[in-house]
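Positions are given from 1, in the same order as the sequence printed here.
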Amino acid sequence: MKPFTLLYFILSALLYLVALPLLVFLSFKQKYKESIPSRFFLFNNPRFKSDGGIWFHVCSLGEARALKPILELLKDKEIKITTITHTGQTEAKKYSAEVRYLPYEMFLPFWAKEHDVLVVLEAEFWYMLFLVAKAKGARVILLNARISERSVKKYLQFAWFYQKILSNVEIVYAQSEADKNRFLALGAKNIEVIGNIKLAGKISKTKEYQKPHEELIVAGSTHEGEEESVLKSFVEYKKQSDAKLAVVPRHPERFEAVYELMKKYAQTNSLSLSRFSQDKGFETDMILIDAMGELNNIYAISDVAILGGAFREDVGGHNPLEPAYFGCKIITGKHFFHQKELFRYVHHVQFVEPYEIHKALIKCKELPPSMVEEKINLEHVIERIKKLRK
């Protein structure tokens with residue numbers, strides 16, 4: 001083991017010991033009760049059953065969904081998937097693949113098996129993951145690779161470290177020319193710009209719902225603090241337009257808190273309110289969508305989508321392709337740095353501050369529906385992956 005790798009391993013072990021009390025505490029939280037025990041204590045997280053095959057590593061829900069068109073082109077291959085989050089794990093289990101949580105780096109030398117190829121999506125840069133996979137014979141590929149404009153300075157401050165990580169990578173498939181230049185600055189080699197693979201994904205709904213006669217506005221993938229701005233704007237908009245509002249929080253553990261907030265606005269402004277899990281309809285003025293997997297079904301019958309995650313400075317926005325595919329008029333915030341590449345392909349979007357949502361809702365009456373014009377072809381990437389197999 002090289003001196004730097006040994007030092008890194010020791011530091012990761014020390015950090016683990018320091019963080020142990022916090023990890024135990026978080027293990028009892030609903031959000032982490034499966035992922036933390038699996039990742040940091042290997043609870044119900046055994047090694048893959050066999051060597052070989054193609055190992056995909058993704059972080060969360062969006063990246064796991066993005067795998068679908070790729071895996072459809074690799075139907076005859078043995079597929080393994082690791083994730084970081086519980087939502088990513090749930091989505092990955094929908095595929096015909098062995099699925100695990102990615103263990104903490106300290107465990108990887110003992111946990112990882114030999115694979116033909118390791119494909120890592122987006123910005124999951126783990127030193128031990130890349131090093132161990134390559135040492136065990138895998139060819140390492142970065143797919144849909146990105147470095148956001150907001151975080152590039154931090155990466156460059158530790159360019160020497162990222163150069164060590166990227167030295168284990170054989171090919172980088174970047175989302176954009178800007179991403180390519182950032183990877184070059186970090187010492188990466190063999191970089192090809194292919195666009196965002198999420199453009200290749202098939203967008204569909206799973207259920208048919210009756211569209212209300214009134215205008216339906218959906219606030220999709222909202223985070224804490226964003227619902228308040230949406231509700232204030234909707235109350236004002238409701239005074240001059242016959243409309244309904246469906247709110248879809250990003251994280252299910254926030255359903256109760258969001259419902260209480262909506263109840264306050266409903267009572268104060270004499271609006272009716274319902275929970276979708278109980279009524280399965282859109283009869284009331286406001287509806288909390290407190291069920292998983294319904295967002296596309298709601299987009300399909302909505303006129304306007306207020307896309308969350310970009311009204312706060314720390315989230316980075318969410319995927320605009322789905323509401324655009326269903327012809328929603330999109331309103332979102334100005335902090336969409338993680339989705340900047342995708343927004344390049346979506347037309348007729350209003351980017352506003354939280355206090356401007358009401359004005360944007362009024363302007364929607366003059367605007368055409370949002371739309372996506374471009375697609376990408378992944379076949380040459382798939383052929384490259386196949387050729388890299390031993």
Side-chain angles (χ1 to χ4, degrees), residues 62 176 195-196 198-199 201 203-205 208-223 225-250 265 271 282 285-287 289 294-313 315-375:
S176 67
N196 196 310
K198 291 178 181 177
L199 288 168
I203 298 172
S204 61
K205 54 188 176 181
E208 291 278 351
Y209 293 121
Q210 184 69 38
K211 188 184 186 314
H213 296 297
E214 300 87 352
E215 180 182 25
L216 181 60
I217 301 164
V218 56
S221 296
T222 57
H223 292 253
E226 294 183 321
E227 292 95 0
E228 186 98 42
S229 299
V230 171
L231 289 166
K232 284 180 182 176
S233 300
F234 174 72
V235 166
E236 288 303 308
Y237 184 69
K238 180 73 172 168
K239 293 176 183 176
Q240 58 197 104
S241 183
D242 194 9
K244 294 177 181 290
L245 173 68
V247 180
V248 191
R250 177 69 173 181
Y265 276 85
L271 299 175
F282 301 88
D285 297 311
M286 299 193 298
I287 309 98
I289 309 300
E294 294 287 357
L295 189 51
N296 277 2
N297 301 330
I298 310 300
Y299 282 146
I301 59 170
S302 296
D303 301 287
V304 178
I306 303 173
L307 190 57
F311 296 102
R312 290 173 33 161
E313 295 183 0
V315 179
H318 289 301
N319 188 343
L321 300 180
E322 291 157 344
Y325 175 84
F326 290 108
C328 298
K329 299 178 182 183
I330 299 176
I331 299 168
T332 194
K334 297 184 176 182
H335 306 288
F336 56 96
F337 46 89
H338 283 324
Q339 307 296 333
K340 202 166 188 178
E341 179 63 16
L342 286 183
F343 273 106
R344 285 182 52 229
Y345 306 105
V346 180
H347 304 282
H348 314 309
V349 178
Q350 293 187 74
F351 300 97
V352 302
E353 298 291 349
Y355 61 85
E356 297 174 317
I357 294 175
H358 174 229
K359 190 186 299 183
L361 285 169
I362 296 172
K363 191 175 180 181
C364 276
K365 296 183 183 300
E366 309 165 7
L367 296 176
S370 301
M371 58 183 293
V372 182
E373 287 189 337
E374 299 187 46
K375 282 278 187 181

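Taking OH from Y355 and OG from S229, the interatomic distance works out to 11.5 Å, rounded to the nearest 0.5 Å. Summarising the geometry, atom NE2 belonging to H318 is positioned 10.0 Å from atom NE2 belonging to H338; distances are rounded to the nearest 0.5 Å. Considering NZ of K329 and CG of L367, their distance stands at 6.5 Å, rounded to 0.5 Å. Considering NZ of K205 and OH of Y325, their distance stands at 8.5 Å, rounded to 0.5 Å. Separation of atoms CD1 (I330) and NE2 (H347) is listed at 11.5 Å; rounding is to 0.5 Å. Taking CD of E227 as the start and CG of L245 as the end, the distance is 10.0 Å to the nearest 0.5 Å.
Looking at residues two or more places apart in sequence or on another chain, you find no side chain to side chain contact (heavy atoms under 4.5 Å, CB included) involving K359. H335 meets the ring-ring contact (aromatic ring centres under 6.0 Å, His included) test with no other residue; sequence neighbours excluded. Applying the ring-ring contact (aromatic ring centres under 6.0 Å, His included) test to Y345 and every residue at least two apart in sequence or in another chain returns nothing.
Annotation: F343 is in aromatic contact with F351 [ring centroid separation under 6.0 Å].
Side chain of D303 to main chain of L216: a donor-acceptor pair is present (N/O by atom type, distance under 3.5 Å, no hydrogens or angles). Although no hydrogens or angles enter the test, the distance criterion places no donor-acceptor pair under 3.5 Å between the side chain of K244 and the main chain of P212. Without hydrogens or angle criteria, E228 side chain to G225 main chain gives no donor-acceptor distance under 3.5 Å. At least one donor-acceptor pair under 3.5 Å links the side chain of E226 to the backbone N or O of G309. Side chain of S370 to main chain of H348: a donor-acceptor pair is present (N/O by atom type, distance under 3.5 Å, no hydrogens or angles). Remark: side-chain polar atoms of T332 are paired, donor with acceptor, to backbone N or O of L307 under 3.5 angstrom. N196 contributes no side-chain N or O that, together with a main-chain N or O of L342, makes up a donor-acceptor pair within less than 3.5 Å. Not one N or O on the side chain of E236 forms a donor-acceptor pair closer than 3.5 Å with the backbone of S233.
What you find for G327 and P369 is that their closest heavy atoms are O-CB, 3.1 Å. Between A360 and V352, the closest heavy-atom pair is CB-CG1, 4.0 Å. Between V218 and S302 the shortest heavy-atom distance is CG1-OG, 3.4 Å. Residues A305 and Y299 come closest through the heavy atom pair CB-CE2, 3.8 Å. Contact detail for N296 and F326: the closest heavy-atom pair is O-CE1, 3.7 Å.
With a 6.0 Å radius and a threshold of 12 heavy atoms from other residues, nucleotides or ligands, K211 has its NZ atom above the threshold. Applying the 6.0 Å contact sphere to CD of Q240 captures more than 12 heavy atoms from other residues, nucleotides or ligands. The number of heavy-atom neighbours closer than 6.0 Å to NZ of K232, taken from other residues, nucleotides and ligands shown, is 12 or below.
N319 and E322 share no donor-acceptor pair across their side chains, judged by distance under 3.5 Å alone. If you check the side chains of E215 and Y237, you find a donor sitting under 3.5 Å from an acceptor.
Taking 4.5 Å as the limit, every side-chain heavy atom of V230 sits out of range of all side-chain heavy atoms of I217. A 4.5 Å side-chain heavy-atom check between E214 and F282 finds every atom pair outside the cut-off. Between L271 and F234 the shortest side-chain heavy-atom distance falls below 4.5 Å. Side-chain contact between I203 and L321: present, with at least one pair of heavy atoms (C-beta onward) separated by less than 4.5 Å. For the pair V247 and M286, the minimum side-chain heavy-atom distance is 4.5 Å or more. Contact of the I289 side chain with the L295 side chain is not registered, since no non-hydrogen atoms from C-beta on lie closer than 4.5 Å. No side-chain heavy atom of N297 sits under 4.5 Å from any side-chain heavy atom of E208. A heavy-atom distance below 4.5 Å is found between the side chains of K238 and D242.
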One pair to check against side chain to side chain contact (heavy atoms under 4.5 Å, CB included): K363 and Q350. What are the steps and the verdict? CA-CA 9 Å; K363 191 175 180 181; Q350 293 187 74; 3.5 Å; yes

With side chain to side chain contact (heavy atoms under 4.5 Å, CB included) as the criterion, how do S221 and V248 come out once you've worked through the C-alpha distance, each side chain's angles and the decisive distance to 0.1 Å? CA-CA 6 Å; S221 296; V248 191; over 6 Å; no

Walk me through it: do I306 and I357 pass the test side chain to side chain contact (heavy atoms under 4.5 Å, CB included)? CA-CA 8 Å; I306 303 173; I357 294 175; 3.9 Å; yes

